[in-house]
Amino acid sequence: MKHVLFVLLAILSAIPVIADKAPMVDKLGLNVTDAYLRTMPPGQRVTAGFLTISNNGNEDCQILSATSPFSERIEFHQHLHANGMMQMRPLAQVLVTAGKTVKFSPGGLHLMFFDVTKPLVENEILPMRLLTDYCGTYLVNLQIRNLLQRPMMEH
Ligand SMILES: [Cu+2]
């Protein structure tokens, strides 16, 4: 009987440990700011998006994918300079280390939106979902900005 009681107490005392872990999820939160999408030149159906992701938690987060109702496919791209040429390399995922900020910006890391299904009107807001490994799913509002004065290579 004493043994059974001990096991029971062990189980009961384990419950607060599990409950303690629940608030940890909040600390894994990512903060997404300055999210925007560039307008497309006439006749194009591909564009680029940018944002800033801060990891305020104490666990690293991998951004696994991005989805949006207005694009068939979204990829993460990195610009590379190789042999004097500008190249883009797709990334399978993007790591946001604990305590660090990753900035997607023209000429660097960016999101590529393929087969955009609607006209992009300056200042409109379009939704996008970011999926991570252990850090949750984020709904991001992209503001459409006119960056057409920039050369396309800098997207
Ligand atoms: Cu690209």
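Along the sequence shown, residues are numbered consecutively beginning with 1. Source: prediction; values computed, not measured.
Rounding to the nearest 0.5 angstrom, the gap separating the CZ atom in F104 from the NE2 atom in H110 is 10.0 Å. Atom-to-atom distance recorded for L120:CG and M40:CE is 4.0 Å, nearest 0.5 angstrom. For the atom pair OG (S54) and NZ (K100), the distance works out to 11.5 Å, reported to the nearest 0.5 Å. Rounding to the nearest 0.5 Å places CE of M112 at 5.5 Å from NE2 of H77. In this structure, CZ on F113 lies 4.0 Å from CD1 on I74, to the nearest 0.5 angstrom.
Using a 4.5 Å heavy-atom cutoff, the side chains of M86 and H79 are in contact. Side-chain atoms of T101 and I53, non-hydrogen and from C-beta on, never get closer than 4.5 Å to each other. Between F76 and P90 there is no side-chain heavy-atom pair separated by less than 4.5 Å. The closest side-chain heavy-atom distance from Y36 to I144 is not below 4.5 Å. Looking at heavy atoms from C-beta onward, I125 lies out of side-chain contact with L142 at the 4.5 angstrom threshold. Counting only heavy atoms from C-beta outward, the side chains of T132 and Y138 approach each other to under 4.5 Å. With a 4.5 Å cut-off on side-chain heavy atoms, N146 and R38 do not count as touching. Using a 4.5 Å heavy-atom threshold, the side chains of L130 and L64 count as separate.
N55 contributes no side-chain N or O that, together with a main-chain N or O of L30, makes up a donor-acceptor pair within less than 3.5 Å. Proximity of a side-chain donor or acceptor of Q87 to a complementary backbone N or O of L80 within less than 3.5 Å is not detected. With D133 contributing its side chain and Q62 its backbone, the two residues share a donor-acceptor pair below 3.5 Å. Using modelled atom types, one side-chain atom of S71 and one backbone atom of R73 make a donor-acceptor pair closer than 3.5 Å.
Remark: F114 engages no residue in a ring-ring contact (aromatic ring centres under 6.0 Å, His included) (not counting sequence neighbours). T97 is linked by a side chain to side chain donor-acceptor pair (under 3.5 Å) to nothing, counting only residues two or more places apart in sequence or in another chain. Under the salt bridge (Lys or Arg N to Asp or Glu O under 4.0 Å) criterion, R129 pairs with no residue, sequence neighbours left out. A search for side chain to side chain donor-acceptor pair (under 3.5 Å) contacts involving R45 returns nothing, not counting sequence neighbours.
Sorted by first then second residue, the salt bridge (charged side-chain N to carboxylate O under 4.0 Å, His left out) pairs that include residues 101-128, not counting sequence neighbours, are K118-E124. Identified under the salt bridge (charged side-chain N to carboxylate O under 4.0 Å, His left out) test for residues 83-99, with sequence neighbours left out: none.
Grouping the Ile, Leu, Val, Met, Phe, Trp and Tyr side chains by contacts below 4.5 angstrom, directly or via other members, places L91 apart from L95. No continuous path of ILVMFWY side-chain contacts below 4.5 Å connects L131 to M128, so the two sit in separate hydrophobic clusters.
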Discussion item. Between L37 and L126, does the side-chain contact (heavy atoms from CB on, under 4.5 Å) criterion hold? Intermediate values first, please.
Written reply: CA-CA 9 Å; L37 191 68; L126 290 178; 4.2 Å; yes
Item to complete: I would like to know whether V102 and T52 meet side-chain contact (heavy atoms from CB on, under 4.5 Å); could you show each step before the answer?
Response: CA-CA 6 Å; V102 171; T52 300; over 6 Å; no
